Amino acid sequence: MNQQIVLSNWKFKACDEEEWRQAKVPGTVHTDLLRHGIINDPFYGVNEHELQWIDKKDWEYEATIRLSESWVGMGQLELVFEGLDTYADVYVNGQPILFADNMFRAWRVDVKDYVHAGDNQVRVVFHSPITRDQGSLHKLGMEMPAPNDQSQLGGLEDHKLSVFARKAPYHYGWDWGPRFVTCGIWREVRLEGWSAPKITELYICQNQITAQVADLTAEIEIHSPVDWTGRLQVSSNGTVWAREVTLISGSQVIKLDMQISKPDLWWCRGLGQPSMYTFKAELLEQDRLMSAKQVKTGLRTIRLVRERDQAGASFYFELNGIPVFAKGANHIPNDSFIPEITNERYRHEIATAAASHMNMLRVWGGGFYEEDLFYELCDEYGLLVWQDFMFACSMYPGDESFLHNISMEAEYNIRRLRNHPCIALWCGNNEIDSAWAQYIEESGWGWKQHYDRNQREKLWTSYEALFHRILPETVSRLAHNIAYWPSSPLRSLSRDENQHANTLSGEGDIHYWGVWHSVEPFDNYNRYIGRFMSEYGFQSFPELKSVLSYAPEEQLELESDVMLAHQKNSSGNRLIKEYVEQYLPDPKDFKSFLYMSQILQAQAIKTAIEAHRRNKPYCMGTLYWQMNDCWPVASWAGMDYYGRWKALQYEVQRSYRDIILSVLEAPEGEIAIYAVNDLRDQISARLRLQLFDFYGRVLYENDEAVALEPDSSVQIKSMARESLLQSSDPQQVVLSIRLEREHELLASNLFYFAGFRDIELSQPLITICEVPGTNGTSFTLESDSLARQVWLSAQEEGIFSDNFFDLIPGVPITVQFYRRSNQERPFIEGVPGHVTVMSMADFI
Ligand code: BMA
């Protein structure tokens, strides 16, 4: 059978120093230095600025592996590096065996001729990506656009070197991320040995999936050191498919057709259960098992539907024949130092997405192709994945070796991920098409204008080779049933001016950044709605507890060195301040400003999500920017680096429910109530309206039957503002809208007739009582006057079932606390410890 040894006991040092120190693998040089106390916490204070020397040096790692006679006598011996970041020369017993140059690929080297019985030395030398790519830049002879690359901070002036290395772009800095151009052995290293045939890959190709039958082909890649005859079988749930095979020495792919009748299909959240199947492939000689490999997959058909219609063309995902309204967020790496991301953190993130009623995440192209666990969790929780290739916001070289490197990278990652039913789309890159804007001279981010005709042609030729040839060809060859989309955003595949997306395109996907980057009012979310909103976002600060993890008390002001170092969007703080001044009451101090920034962000994204969902089926997807953070920072994330939910995460949880109510006020004073139903069932319910004053008196009430069609968005009621208000003061009332079925609350929302700023809040008295019999995990809150944006914060890490909500006197709200836990299911009902309750009145 196959055997393996994971290489451990690594040591490391700078190439120009003598002293070896113990290293952690998988790991990075930064985290190794930190563990030895050679550097300070990279995330604390302004330490980032002090640590820029690390990427200018070469580093080496070494391990010894002891092999027995029987090990070295094996027919095949391969050293496998699952991830080397990035320019790594590898030596075995002093002999060079590999020159790696791509962090996104795994490397497998035949080392039979290089090892012997006894101790063997494996040495990995990492060349500074900076020194190396200064050479690449010199060779290319022109600077490349890469606005997020913080070259200045790295002491490199405007030389954007990130584009040359097949290395996570965000390592070079981003508008939410620090610049840590690290290196190291970031995934496992092992020696594999075998003398008999070995199954090296098992792919379950889904030819056609219907409710009646799943028509599949198992593609089994086998490596055999010898010629061999025997039996190959694949089994799942007790059914076995088998055939005799004759192998010749070397690698080969054997196919086995399989059918499963009445398959349990894989569905994303909201549409059904994410059923999974386990397939096991085995090679048998008589009854002796020679090799086995097991994979899990879900059976489903996923299509990207782009069909012409009056407005342009649709853009939506269809799962097993059912159109999906995509609700989710853009995911970035969870840490600047990838090996630091524990399984628990992954589970926490994906459970957060599921608890927030998402059904899609976009793995954005400036990070890395995620760990297997990420996709396993998305499979398990029913989250679709929009998967970018790792290219973002820059142009790239197009020489032959670069292109070859990328086709190997694409092949490796498509193969690695193609059994995951969650993968819905492969997308070429983030924002490059729209930034370059080949077909409209005056469009784009002003990149083209820096180049002469020849240079432009060269850059665009590289672009086309990558995103219109190599990547789509590789996807269709290896995962032919998954759609490819060259760039996000993109309007269409035509090679002319119609290609480029703009905020009002009636086709393609849209990144709408008018609100935030262009300082447009929130109301513009109601105007700029495309067929699929793959990005839009609004920043906020993490809560004080998280800020204190990087800033000492004396730095707690917006313009302090530390706070500025943890705000990577140069206009970020100014924008938050300006928007707060426009929409919210003035915060009384720094801590209040943090709170206010979160309320602001939540309000912005609520406006956007509701607008997108109201416009279904014209719009069929909404992915806000961004899910998470890679260090503690002011950013667009809904969940901070520590996994703490900001006000936005709770707002998303409400706004992404399968059924929502949404209110839109027209400028003429018409108040329209919409109901959006993403379920496949018709809903009969009662719509209950109550107009309250801020002391809980009901000034108006109405109750009527409504029916919601399956999978629909409709206006269910409309009223004139004046007739609702009558003589009430618009600054003193709130409209509560509830959709109820029997005693079940299906959806609810609140509507105010005046902005936050214009409403005068009195200091409410909020009471919080433990719900008897819940052992301290549930609480009921009540208030004697309107309390806005009530924020519960717990001593323990965890989430409340609801938070940042408004309390109307006489309308109590009950919440549960869920402890963050290291178990398979991350949220477990628990005791929060001391709970602090505050509301907006406490911050003004
Ligand atoms: C989009 C993203 C990121 C960026 C974000 C916020 O353009 O694709 O590049 O971090 O906006 O500016």
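If you're wondering where the values come from, they're calculated on a predicted model, not measured in any experiment.
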Just by modelled atom types, is the Tyr512 backbone N or O under 3.5 Å from a matching donor or acceptor in the Tyr528 side chain?
-> no
With sequence neighbours excluded, what pairs up with Gln763 under the side-chain contact (heavy atoms from CB on, under 4.5 Å) test?
-> Ala841, Asp842
Kindly say whether the aromatic ring centers of Phe817 and Phe800 come within a distance under 6.0 Å.
-> yes
Assess whether side-chain hydrogen bond (donor to acceptor under 3.5 Å, both in side chains) is satisfied between Gln152 and Asp158, documenting all intermediate values.
-> CA-CA 6 Å; Gln152 304 262 4; Asp158 276 336; 3.0 Å; yes
Can any side-chain N or O of Asp784 pair as donor or acceptor with the backbone N or O of Ile766 at less than 3.5 Å?
-> no
Between Trp625 and Trp516, does the ring centre distance come in under 6.0 Å?
-> no
Might you work through the salt bridge (charged side-chain N to carboxylate O under 4.0 Å, His left out) test for Glu610 and Arg613, ending with a clear yes or no?
-> CA-CA 5 Å; Glu610 289 187 8; Arg613 294 191 64 186; over 6 Å; no
Could you check if a side-chain atom of Val547 sits within less than 4.5 angstrom of a side-chain atom of Lys591, using non-hydrogen atoms only?
-> no
Donor + acceptor pair across side chains of His171, Ser336 (<3.5 Å) | no
Parallel, tilted or perpendicular: rings of Tyr583 and Tyr579 (30°, 60°) = parallel
Verify the distance criterion only: is there a donor paired with an acceptor across the side chains of Tyr550 and Asp41 at less than 3.5 Å?
-> no
Could you check Asn430, Asp509, Ile510 and say which one makes a side-chain contact (heavy atoms from CB on, under 4.5 Å) with Glu535?
-> Asn430
Lys646 side chain vs Ala637 backbone, donor-acceptor pair below 3.5 Å = yes
Can you check whether His566 and Phe541 have ring centres sitting under 6.0 Å from each other?
-> no
So, the side chain of Ser546 versus the backbone of Pro542: is there a donor-acceptor pair under 3.5 Å, distance only?
-> no
Count the heavy atoms belonging to other residues, nucleotides or ligands that lie under 6.0 Å from NZ of Lys717, then report whether that count exceeds 12.
-> yes
Within-4.5 Å side-chain heavy-atom neighbours: Asp629 and Tyr642 = no
With ring centroids as reference points, do Tyr624 and Phe538 lie under 6.0 angstrom apart?
-> no
Gap between atom CD1 of Ile350 and atom CE of Met358 - 0.5 Å precision = 9.5 Å
Counting N and O atoms only, with roles assigned by atom type, does the side chain of Asn524 sit under 3.5 Å from a partner on the main chain of Arg527, one being a donor and the other an acceptor?
-> no
For Glu665, does the CD atom have more than 12 heavy-atom neighbours from other residues, nucleotides or ligands under 6.0 Å away?
-> yes
Applying salt bridge (charged side-chain N to carboxylate O under 4.0 Å, His left out), name anything that partners Glu797, two or more places apart in sequence or on another chain.
-> Lys545, Arg644
Checking side-chain hydrogen bond (donor to acceptor under 3.5 Å, both in side chains) for the pair Asp758/Gln731: CA distance, chi angles, key distance, verdict?
-> CA-CA 7 Å; Asp758 301 322; Gln731 295 177 6; 5.3 Å; no
Is there a donor in the side chain of Asn334 and an acceptor in the side chain of Arg345, or the other way round, less than 3.5 Å apart?
-> no
Exercise: do Gln626 and His331 side chains pair donor with acceptor under 3.5 Å | no
side-chain hydrogen bond (donor to acceptor under 3.5 Å, both in side chains) evaluation trace for Ser549 with Tyr44 = CA-CA 7 Å; Ser549 77; Tyr44 192 77; over 6 Å; no
Do Trp176 and Cys630 touch side chain to side chain, with heavy atoms closer than 4.5 Å?
-> yes
Taking the six-membered ring for Trp, are the ring centroids of Tyr170 and Tyr172 within less than 6.0 Å of each other?
-> no
Please check if the distance between the ring centroids of Trp645 and Tyr650 is under 6.0 Å.
-> yes
Is the backbone of Gln653 close enough, under 3.5 Å, to the side chain of Ser356 for a donor and an acceptor to pair up by distance?
-> no
Taking atom types as modelled, find out whether Arg738 and Ser748 have a side-chain donor-acceptor pair closer than 3.5 angstrom.
-> no
Main-chain N/O of Ser713 paired with Asn677 side-chain donor or acceptor, under 3.5 Å | no
Begin with the C-alpha distance, continue with both residues' side-chain angles, and end with the deciding distance and a verdict on side-chain hydrogen bond (donor to acceptor under 3.5 Å, both in side chains) for Glu796 and His834.
-> CA-CA 8 Å; Glu796 298 293 323; His834 183 71; over 6 Å; no
Please confirm whether the backbone N or O of Pro178 pairs with a side-chain atom of Gln150, one donor and one acceptor, at under 3.5 Å?
-> no
Lys/Arg N to Asp/Glu carboxylate O, Asp678 vs Arg657, below 4.0 Å = no
Would you check if the distance from the ring center of Phe532 to the ring center of Trp386 is below 6.0 Å?
-> yes
Verify whether one side chain among Gln601 and Glu651 offers a donor that lies under 3.5 Å from an acceptor in the other.
-> no
Pi-cation contact, Tyr618 with Arg531 (under 6.0 Å, within 45°) = yes
In sequence, state the C-alpha distance, the side-chain angles, and the governing distance for Leu691 and Val698, and then conclude on side chain to side chain contact (heavy atoms under 4.5 Å, CB included).
-> CA-CA 6 Å; Leu691 187 74; Val698 180; over 6 Å; no
Test of ring centre spacing under 6.0 Å for Trp445 and Trp513 | no
Check: Glu48 main-chain N/O paired with Arg179 side-chain donor or acceptor under 3.5 Å | no
Hey, would you say the Tyr595 and Phe843 ring centroids sit under 6.0 Å apart?
-> yes
The reported gap from CD in Glu740 to CZ in Arg688 (rounded to nearest 0.5 angstrom) is 5.0 Å
Is there a donor-acceptor pair under 3.5 Å between the side chain of Gln726 and the backbone N or O of Ser728?
-> no
Counting only pairs under 3.5 Å, give me each side-chain donor-acceptor contact of residues 803-816, with atom names and distances, residues two or more places apart or in other chains.
unit_1 : atom_1 : unit_2 : atom_2 : d
Asn803 : OD1    : Leu792 : N      : 2.8
Asn803 : ND2    : Leu792 : O      : 2.9
Asp806 : OD1    : Gln789 : N      : 2.7
Asp806 : OD2    : Tyr752 : OH     : 2.6
Asp806 : OD2    : Arg788 : NE     : 3.3
Thr814 : OG1    : Thr780 : OG1    : 2.9

Between Met840 and Pro585 the two heavy atoms that sit nearest each other are SD-CG, 3.8 Å
